[in-house]
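First the structure, in the form of C-alpha coordinates, and then the observations on it.
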Amino acid sequence: MIIADDELHARWLNTLSLMENTGARKISASEDPLTVTYIVLKHAAEEHRHAFYLKKQIEKTRDGLCPTYAAEYLLAPAFSRYYLNQLDIEVCRYLKNDLGLSGKDLRFAAYLLVTYAIEVRADELYPVYQQALENAGSKVNVKSIILEEEGHLEEMIAQLKKFSGDWEYHAQKAVAFESRLFADWIAALSGSLTLYANL
Ligand SMILES: [Fe+2]
Ligand SMILES: [Fe+2]
(Lines give C-alpha, C1' and ligand atoms only; values in the text may rest on other atoms or scores of the structure.)
(Ligands and ions follow the chains in the order given, each with its own letter.)
Protein backbone atom coordinates (compact mmCIF):
# COMPACT_ATOMS: atom_id res chain seq x y z
CA MET A 1 0.00 0.00 0.00
CA ILE A 2 2.83 2.40 0.89
CA ILE A 3 4.87 1.46 -2.20
CA ALA A 4 1.93 1.92 -4.60
CA ASP A 5 1.53 5.58 -3.62
CA ASP A 6 4.55 7.67 -4.73
CA GLU A 7 4.14 10.36 -2.14
CA LEU A 8 3.62 7.92 0.69
CA HIS A 9 6.55 5.81 -0.51
CA ALA A 10 8.77 8.91 -0.61
CA ARG A 11 7.79 9.71 2.95
CA TRP A 12 8.55 6.16 4.05
CA LEU A 13 12.01 6.34 2.45
CA ASN A 14 12.58 9.73 4.02
CA THR A 15 11.54 8.39 7.43
CA LEU A 16 13.99 5.49 7.12
CA SER A 17 16.66 7.97 5.98
CA LEU A 18 16.00 10.13 9.05
CA MET A 19 16.34 7.11 11.34
CA GLU A 20 19.58 5.97 9.66
CA ASN A 21 20.90 9.51 9.99
CA THR A 22 19.96 9.62 13.67
CA GLY A 23 21.82 6.33 14.18
CA ALA A 24 24.85 7.53 12.22
CA ARG A 25 25.04 10.74 14.23
CA LYS A 26 24.74 8.79 17.48
CA ILE A 27 27.63 6.54 16.51
CA SER A 28 29.75 9.54 15.49
CA ALA A 29 28.89 11.32 18.76
CA SER A 30 29.87 8.28 20.83
CA GLU A 31 33.29 7.98 19.18
CA ASP A 32 36.23 8.43 21.51
CA PRO A 33 38.65 10.79 19.72
CA LEU A 34 41.63 8.71 20.88
CA THR A 35 40.58 5.07 20.99
CA VAL A 36 38.03 4.92 18.15
CA THR A 37 38.58 1.76 16.08
CA TYR A 38 38.42 0.75 12.41
CA ILE A 39 35.08 -1.04 13.01
CA VAL A 40 33.44 1.99 14.61
CA LEU A 41 34.66 4.32 11.83
CA LYS A 42 33.43 1.88 9.18
CA HIS A 43 30.11 1.54 10.91
CA ALA A 44 29.56 5.30 11.21
CA ALA A 45 30.51 5.82 7.55
CA GLU A 46 28.10 3.10 6.38
CA GLU A 47 25.16 4.36 8.46
CA HIS A 48 25.72 7.86 7.05
CA ARG A 49 25.73 6.28 3.59
CA HIS A 50 22.41 4.53 4.30
CA ALA A 51 20.78 7.85 5.18
CA PHE A 52 22.11 9.35 1.94
CA TYR A 53 21.23 6.31 -0.18
CA LEU A 54 17.61 6.19 1.05
CA LYS A 55 17.32 9.92 0.37
CA LYS A 56 18.59 9.27 -3.14
CA GLN A 57 16.00 6.49 -3.70
CA ILE A 58 13.29 9.13 -3.28
CA GLU A 59 14.19 10.41 -6.78
CA LYS A 60 12.87 7.09 -8.13
CA THR A 61 9.39 7.79 -6.74
CA ARG A 62 8.83 11.32 -8.04
CA ASP A 63 11.32 14.13 -8.47
CA GLY A 64 11.36 16.80 -5.80
CA LEU A 65 9.50 14.88 -3.10
CA CYS A 66 10.61 15.11 0.55
CA PRO A 67 13.60 17.47 0.27
CA THR A 68 14.18 17.71 4.04
CA TYR A 69 13.33 15.95 7.31
CA ALA A 70 10.58 18.49 8.09
CA ALA A 71 7.52 16.85 9.69
CA GLU A 72 5.34 17.18 6.57
CA TYR A 73 7.79 14.93 4.66
CA LEU A 74 7.84 12.12 7.23
CA LEU A 75 5.59 9.35 8.52
CA ALA A 76 4.88 9.44 12.27
CA PRO A 77 7.43 12.29 12.57
CA ALA A 78 7.35 12.71 16.34
CA PHE A 79 7.73 9.01 17.14
CA SER A 80 10.27 8.40 14.37
CA ARG A 81 12.51 11.02 16.00
CA TYR A 82 11.78 9.76 19.52
CA TYR A 83 12.39 6.02 18.91
CA LEU A 84 16.19 5.88 18.80
CA ASN A 85 16.73 8.60 21.39
CA GLN A 86 14.39 6.81 23.78
CA LEU A 87 16.14 3.48 23.19
CA ASP A 88 19.43 5.19 24.00
CA ILE A 89 17.98 6.64 27.22
CA GLU A 90 16.60 3.26 28.35
CA VAL A 91 19.84 1.40 27.59
CA CYS A 92 21.93 4.07 29.37
CA ARG A 93 19.67 3.86 32.42
CA TYR A 94 20.12 0.07 32.50
CA LEU A 95 23.91 0.31 32.14
CA LYS A 96 24.11 2.90 34.87
CA ASN A 97 21.74 1.30 37.39
CA ASP A 98 22.42 -2.40 36.82
CA LEU A 99 26.08 -2.42 35.72
CA GLY A 100 27.26 0.74 37.48
CA LEU A 101 28.88 2.14 34.34
CA SER A 102 29.59 5.83 33.80
CA GLY A 103 31.53 8.20 31.53
CA LYS A 104 33.49 6.72 28.67
CA ASP A 105 32.63 3.11 29.54
CA LEU A 106 28.94 3.93 29.63
CA ARG A 107 29.13 5.66 26.23
CA PHE A 108 30.87 2.74 24.58
CA ALA A 109 28.62 0.10 26.18
CA ALA A 110 25.54 2.09 25.11
CA TYR A 111 26.89 2.20 21.55
CA LEU A 112 27.30 -1.59 21.62
CA LEU A 113 23.87 -2.45 23.02
CA VAL A 114 21.78 0.17 21.21
CA THR A 115 23.41 -0.64 17.90
CA TYR A 116 23.06 -4.37 18.42
CA ALA A 117 19.29 -4.03 18.98
CA ILE A 118 18.98 -1.78 15.91
CA GLU A 119 20.94 -4.22 13.74
CA VAL A 120 18.69 -7.11 14.80
CA ARG A 121 15.73 -4.97 13.73
CA ALA A 122 17.38 -3.83 10.47
CA ASP A 123 18.12 -7.45 9.52
CA GLU A 124 14.41 -8.20 9.89
CA LEU A 125 12.90 -5.04 8.41
CA TYR A 126 14.96 -4.41 5.25
CA PRO A 127 14.55 -7.91 3.72
CA VAL A 128 10.76 -7.68 4.20
CA TYR A 129 10.78 -4.25 2.55
CA GLN A 130 13.04 -5.46 -0.30
CA GLN A 131 10.65 -8.35 -0.98
CA ALA A 132 7.70 -5.94 -1.07
CA LEU A 133 9.63 -3.72 -3.52
CA GLU A 134 10.28 -6.69 -5.80
CA ASN A 135 6.66 -7.85 -5.61
CA ALA A 136 5.53 -4.36 -6.60
CA GLY A 137 8.12 -4.14 -9.41
CA SER A 138 9.52 -0.94 -7.85
CA LYS A 139 12.73 0.70 -9.11
CA VAL A 140 13.72 1.40 -5.53
CA ASN A 141 16.03 -1.17 -3.95
CA VAL A 142 17.80 -1.56 -0.64
CA LYS A 143 19.98 -4.59 -1.34
CA SER A 144 23.25 -2.78 -0.64
CA ILE A 145 21.90 -1.73 2.75
CA ILE A 146 20.88 -5.32 3.59
CA LEU A 147 24.38 -6.54 2.80
CA GLU A 148 26.01 -3.95 5.05
CA GLU A 149 23.50 -4.42 7.89
CA GLU A 150 24.30 -8.14 7.97
CA GLY A 151 27.98 -7.27 8.34
CA HIS A 152 27.12 -4.83 11.12
CA LEU A 153 25.31 -7.44 13.19
CA GLU A 154 28.33 -9.74 13.00
CA GLU A 155 30.65 -6.86 13.92
CA MET A 156 28.47 -5.90 16.88
CA ILE A 157 28.49 -9.49 18.17
CA ALA A 158 32.30 -9.62 17.85
CA GLN A 159 32.61 -6.36 19.81
CA LEU A 160 30.06 -7.45 22.42
CA LYS A 161 31.96 -10.69 23.06
CA LYS A 162 35.02 -8.63 23.92
CA PHE A 163 32.93 -6.34 26.12
CA SER A 164 31.41 -8.98 28.43
CA GLY A 165 31.10 -12.72 29.01
CA ASP A 166 27.43 -12.03 29.77
CA TRP A 167 26.92 -10.10 26.55
CA GLU A 168 23.91 -12.17 25.49
CA TYR A 169 22.04 -11.35 28.68
CA HIS A 170 22.66 -7.60 28.30
CA ALA A 171 21.92 -7.70 24.57
CA GLN A 172 18.55 -9.34 25.26
CA LYS A 173 17.70 -6.47 27.63
CA ALA A 174 18.38 -3.99 24.82
CA VAL A 175 16.33 -6.07 22.37
CA ALA A 176 13.42 -6.09 24.85
CA PHE A 177 13.52 -2.26 25.15
CA GLU A 178 13.71 -2.00 21.36
CA SER A 179 10.83 -4.42 20.72
CA ARG A 180 8.45 -2.36 22.81
CA LEU A 181 9.52 0.88 21.11
CA PHE A 182 9.25 -0.74 17.68
CA ALA A 183 5.69 -1.90 18.41
CA ASP A 184 4.83 1.68 19.45
CA TRP A 185 6.47 3.02 16.27
CA ILE A 186 4.38 0.65 14.12
CA ALA A 187 1.25 1.86 15.95
CA ALA A 188 2.29 5.49 15.32
CA LEU A 189 2.91 4.66 11.64
CA SER A 190 -0.53 3.16 11.15
CA GLY A 191 -2.01 6.22 12.85
CA SER A 192 -0.05 8.37 10.43
CA LEU A 193 -1.31 6.31 7.45
CA THR A 194 -4.94 6.61 8.57
CA LEU A 195 -4.47 10.36 8.82
CA TYR A 196 -2.96 10.44 5.34
CA ALA A 197 -5.79 8.30 3.86
CA ASN A 198 -8.31 10.81 5.21
CA LEU A 199 -6.60 13.86 3.66
FE1 LIG B 1 21.84 1.30 8.52
FE1 LIG C 1 23.79 -0.87 10.57
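For ligands, and for the atoms within them, numbers begin at 1 and follow the listed sequence. Just so it is clear, the values below take in all heavy atoms, side chains as well, and ignore hydrogens, waters and symmetry mates. None of these values were measured; they are calculated from a predicted model.
- Closest heavy-atom contact between Leu74 and Tyr69: CD1-O, 3.2 Å.
- Screening Glu31, Gln159, Glu155, Glu119 for a side-chain hydrogen bond (donor to acceptor under 3.5 Å, both in side chains) involving His43 leaves a single residue, Glu119.
- Nearest heavy atom pair, residue Ala10 against residue Leu65, reads CB-CD1, 3.7 Å.
- Seen from the Fe ion (ligand 1), atom OE1 of Glu20 and atom ND1 of His50 lie 100° apart in angle, a value rounded to 10°.
- Atom NZ of Lys42 is surrounded by more than 12 heavy atoms from other residues, nucleotides or ligands within 6.0 Å.
- Counting backbone and side-chain atoms alike, Glu148 contributes no N/O/S atom closer than 2.8 Å to the Fe ion (ligand 1).
- At a threshold of 4.0 Å, the pair Arg93-Glu90 does not count as salt-bridged, since none of the basic side-chain nitrogens sits closer than that to a carboxylate oxygen.
- Here the N, O or S atom of Glu149 that is nearest to the Fe ion (ligand 2) is OE1.
- Put simply, Glu47 gets within reach of the Fe ion (ligand 2), with an N, O or S atom under 2.8 Å from it.
- Seen from the Fe ion (ligand 2), atom ND1 of His152 and atom OE2 of Glu119 lie 100° apart in angle, a value rounded to 10°.
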